[in-house]
Amino acid sequence: MSQWLDLVLPPDPALVGVARTMAVAAATVGRMEPARVHDLRTCVSEGVTNAVKAHRDAGVADAITLRVGIEEQSLIVEIVDHGPGLRREEVVVSAVEGTELAELAERGYGLTVMESLADALEIELPEDAGGTTVRLRFSLSGVPSNDGIAAG
């Protein structure tokens with residue numbers, strides 16, 4: 001049985017921390033290994049920041065949705081934006097040998113950073129409209145606590 005929590009945010013960079021906090025709370029419920037929580041925080045920061053930037057660059061005021069769910073032994077994070085969408089060639093990025101992840105993020109390689117830190121990264125690009133959905137998967141170390149996550 002999957003449990004999901006949805007957070008709907010205006011495209012405001014000041015709210016990236018709220019998104020990180022929600023994801024970390026879900027990781028705690030799911031008993032993610034503490035060493036992986038930093039990876040999760042970084043990925044959520046990168047993904048939501050990219051979504052905010054896409055909205056601002058396109059002048060889109062629609063909300064960004066962060067969905068966090070626990071499925072089986074994984075924490076799933078989905079970041080859904082309504083920006084202009086990525087061009088397919090922007091999705092295929094690769095790290096420069098020997099470059100630190102922080103430097104890649106600063107140089108606009110957020111997707112590469114997320115791919116490096118998450119167990120899986122999927123990107124959905126609608127064929128006929130803008131917007132992007134980034135889906136990240138992180139393995140959980142234990143059985144989720146009984147507290148669960150509010151269904152969304």
Side-chain angles (χ1 to χ4, degrees), residues 1-30 32 36-95 99-140 144 147-152:
M1 176 179 172
S2 64
Q3 302 172 28
W4 289 90
L5 179 64
D6 292 355
L7 179 64
V8 179
L9 299 165
D12 183 344
L15 297 174
V16 172
V18 174
R20 280 193 310 259
T21 299
M22 186 186 89
V24 169
T28 301
V29 169
M32 179 179 279
R36 295 297 317 270
V37 173
H38 178 71
D39 295 343
L40 170 69
R41 286 175 50 89
T42 300
C43 288
V44 169
S45 290
E46 289 295 324
V48 174
T49 299
N50 286 351
V52 168
K53 184 175 181 338
H55 279 226
R56 288 194 156 199
D57 289 351
V60 176
D62 294 349
I64 296 163
T65 302
L66 173 69
R67 299 188 76 221
V68 181
I70 296 174
E71 290 183 348
E72 299 174 12
Q73 290 297 322
S74 295
L75 182 79
I76 311 297
V77 175
E78 293 181 351
I79 302 160
V80 181
D81 74 52
H82 304 283
L86 293 169
R87 293 186 311 268
R88 297 213 179 264
E89 61 271 13
E90 290 177 317
V91 174
V92 183
V93 293
S94 59
T99 306
E100 295 295 322
L101 289 177
E103 184 181 342
L104 287 171
E106 290 174 15
R107 291 173 44 193
Y109 286 88
L111 291 174
T112 300
V113 170
M114 288 185 278
E115 184 177 37
S116 298
L117 296 176
D119 294 321
L121 168 71
E122 296 174 28
I123 300 169
E124 290 181 18
L125 303 172
E127 292 293 330
D128 58 348
T132 303
T133 299
V134 173
R135 186 173 299 106
L136 303 156
R137 180 180 297 272
F138 295 86
S139 295
L140 295 173
D147 297 338
I149 297 177

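Basis for what follows: all heavy atoms, side chains included, without hydrogens, waters or symmetry-related copies.
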Residues in salt bridge (charged side-chain N to carboxylate O under 4.0 Å, His left out) contact with R41, at least two apart in sequence or another chain: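 With sequence neighbours excluded, R41 shows a salt bridge (charged side-chain N to carboxylate O under 4.0 Å, His left out) to no residue whatsoever.
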
To the nearest 0.5 Å, how far apart are [atom1] in [X] and [atom2] in [Y]?
X    : Y    : atom1 : atom2 : result
T133 : E122 : OG1   : CD    : 10.5 Å
M22  : R67  : CE    : CZ    : 9.5 Å
R137 : L121 : CZ    : CG    : 12.0 Å
L66  : R20  : CG    : CZ    : 12.0 Å
L136 : L117 : CG    : CG    : 9.5 Å

Which heavy atom of [X] sits nearest a heavy atom of [Y], and at what distance?
X    : Y    : result
A26  : V68  : CB-CG1, 3.3 Å
V44  : I79  : O-CD1, 4.4 Å
C43  : F138 : SG-CZ, 3.8 Å
S139 : D119 : N-OD2, 2.6 Å
L140 : I70  : CD1-CG2, 3.9 Å
A27  : L40  : CB-CD2, 3.6 Å

Atom pairs and distances, side-chain donor-acceptor, residues 7-14, under 3.5 Å, sequence neighbours left out:
{"from": "D12", "atom 1": "OD1", "to": "A14", "atom 2": "N", "distance (Å)": "2.9"}

Side chain to side chain donor-acceptor pair (under 3.5 Å) with T21: which residues, sequence neighbours excluded?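 With sequence neighbours excluded, T21 shows a side chain to side chain donor-acceptor pair (under 3.5 Å) to no residue whatsoever.
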
Main chain of H55, side chain of H82: is a donor-acceptor contact present, judged purely on distance under 3.5 Å?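 No; zero donor-acceptor contacts below 3.5 Å.
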
